[in-house]
Amino acid sequence: MEKGGKLFSLIASGLASKNKISTSKFENSSDFENSDGVNNIDIALTYIEHNIDQKLTLVNVSKNSYLSPAYLSRLFKEYFKINFSNYIRARKIALAQTQLISTDEPIDKVSRKIGFSRANYFNKVFKETTNLTPLQFRKMYTGAKKIYTIHRELEWNDNISVYAVSRQYFQKQGVTLKEEIINGYPCLTSIDGLSSPDNKNGWIYLIDGVQPQTLPSESYVKDKSVIQWIFVTL
């Protein structure tokens with residue numbers, strides 16, 4: 001993909017409706033409160049967060065979360081609509097992408113830092129996930145100035161858009177946003193003070209390591225694990 005193509009998601013990056021900026025509700029989030037399932041998956045997610053740079057399997061994560069593998073597998077399918085191994089893969093590839101963009105470390109070192117013992121296997125998994133090799137990804141996003149990574153949360157549901165999730169995340173983190181109505185559509189024109197007044201830079205987004213060909217408001221998070229926003233040089 002040429003760099004100019006990255007502006008697809010920037011042109012109307014805040015698109016949610018033709019009349020107003022989206023304030024999509026995180027419906028049914030109260031259904032998760034005081035649930036044993038939520039408490040148990042939270043324990044597993046905390047372990048994963050602290051050990052994402054290690055080899056993570058259903059067996060060792062369930063063991064360290066005091067759960068059975070079958071039960072943990074069911075929790076991921078119930079709450080995240082994805083299987084455990086796909087979630088771990090998406091988290092690791094997102095971490096690798098951050099390393100590839102923000103450092104000059106050799107690819108084999110990046111692979112070891114996220115828990116892959118063999119660089120060739122890392123390359124294979126990376127390409128299967130992103131449709132790019134790690135080297136191609138690094139070259140494509142050379143000059144990127146900022147990257148934000150948003151991990152799936154329990155309150156996400158099938159009807160929440162990438163735009164709504166991202167907006168809530170940035171507001172929760174205290175990140176300054178600027179939103180405008182452009183051509184009748186609401187847009188994110190600046191994140192943390194970074195904007196593109198001359199169209200030489202811009203924000204693009206990835207879902208599970210891949211840049212979609214749809215607008216953020218038309219992409220939904222129902223079975224997704226990671227969203228990333230990258231400020232790129234075009």
Side-chain angles (χ1 to χ4, degrees), residues 6 8-42 44-46 48-49 71-91 93-94 97 129-130 147-191 203-230:
K6 296 177 185 177
F8 178 86
S9 58
L10 176 69
I11 293 172
S13 63
L15 178 59
S17 71
K18 292 187 177 182
N19 300 310
K20 62 181 180 179
I21 292 173
S22 172
T23 54
S24 300
K25 295 180 180 179
F26 284 64
E27 299 173 356
N28 300 324
S29 60
S30 62
D31 293 345
F32 296 128
E33 295 178 2
N34 302 317
S35 162
D36 288 341
V38 168
N39 292 335
N40 288 330
I41 200 170
D42 261 341
L45 291 173
T46 299
I48 290 168
E49 182 68 29
Y71 179 58
L72 181 59
S73 177
R74 182 164 63 84
L75 287 177
F76 268 85
K77 291 177 181 177
E78 179 180 351
Y79 288 102
F80 282 2
K81 308 297 189 294
I82 50 179
N83 66 46
F84 174 87
S85 60
N86 285 350
Y87 175 81
I88 296 298
R89 173 182 287 203
R91 287 289 306 266
I93 293 303
Q97 288 174 321
T129 304
T130 68
I147 180 168
Y148 285 99
T149 300
I150 306 171
H151 301 139
R152 186 178 184 94
E153 295 187 2
L154 288 168
E155 61 262 35
W156 293 11
N157 65 54
D158 292 2
N159 300 316
I160 299 176
S161 69
V162 168
Y163 171 72
V165 163
S166 301
R167 188 167 180 262
Q168 191 213 41
Y169 169 83
F170 289 128
Q171 291 175 338
K172 187 185 295 185
Q173 296 297 316
V175 176
T176 302
L177 300 177
K178 289 186 179 179
E179 300 169 276
E180 297 179 14
I181 303 296
I182 300 176
N183 297 327
Y185 300 109
C187 299
L188 285 176
T189 56
S190 175
I191 301 174
W203 287 99
I204 61 100
Y205 78 103
L206 310 181
I207 302 178
D208 287 353
V210 178
Q211 185 182 351
Q213 294 301 304
T214 54
L215 299 167
S217 64
E218 297 179 334
S219 296
Y220 293 87
V221 300
K222 82 176 169 179
D223 59 351
K224 308 304 180 185
S225 301
V226 183
I227 299 166
Q228 291 162 290
W229 287 87
I230 308 173

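These values consider heavy atoms only, across backbone and side chains, with no hydrogens, waters or symmetry-generated copies.
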Holding to side-chain contact (heavy atoms from CB on, under 4.5 Å), I want the full list of residues that pass it with [X], two or more places apart in sequence or in another chain.
X      : result
Glu153 : Glu155, Trp156, Lys172
Thr176 : none
Ser225 : Ile82, Tyr87, Ala90, Asp208
Ser73  : Leu58, Lys77

Can you name the closest pair of heavy atoms from [X] and [Y] and give their distance?
X      : Y      : result
Ala164 : Ile160 : CB-CG2, 4.0 Å
Asp223 : Lys81  : CB-O, 3.6 Å
Ser166 : Val162 : OG-O, 2.7 Å

Can you sort out the partners of [X] under side-chain hydrogen bond (donor to acceptor under 3.5 Å, both in side chains), two or more places apart, ordered by chain and number?
X      : answer
Ser219 : Tyr205, Thr214
Gln173 : none
Tyr220 : none

With a 4.5 Å heavy-atom cut-off, do [X] and [Y] have their side chains touching?
X      : Y      : answer
Ile191 : Val175 : yes
Leu206 : Ile230 : yes
Tyr71  : Asn40  : yes
Thr149 : Trp229 : no
Phe76  : Leu45  : yes
Gln228 : Ile150 : no

How long is the straight-line distance from [atom2] of [Y] back to [atom1] of [X], given to the nearest 0.5 Å?
X      : Y      : atom1 : atom2 : value
Asn83  : Arg89  : CG    : CZ    : 9.5 Å
Asn39  : Leu154 : CG    : CG    : 10.0 Å
Leu75  : Leu72  : CG    : CG    : 6.0 Å
Thr130 : Gln211 : OG1   : CD    : 12.0 Å

Partners meeting ring pair (Phe, Tyr, Trp, His ring centres under 6.0 Å) with Tyr169 (sequence neighbours left out):
none
Any donor-acceptor pair under 3.5 Å linking the side chain of Arg152 with the backbone of Lys222?
yes
So, does Gln97 use its side chain to make a donor-acceptor pair with the main chain of Gly209 at under 3.5 Å?
yes
Residue set satisfying salt bridge (Lys or Arg N to Asp or Glu O under 4.0 Å) with Arg91, at least two apart, ordered chain then number -> Glu49
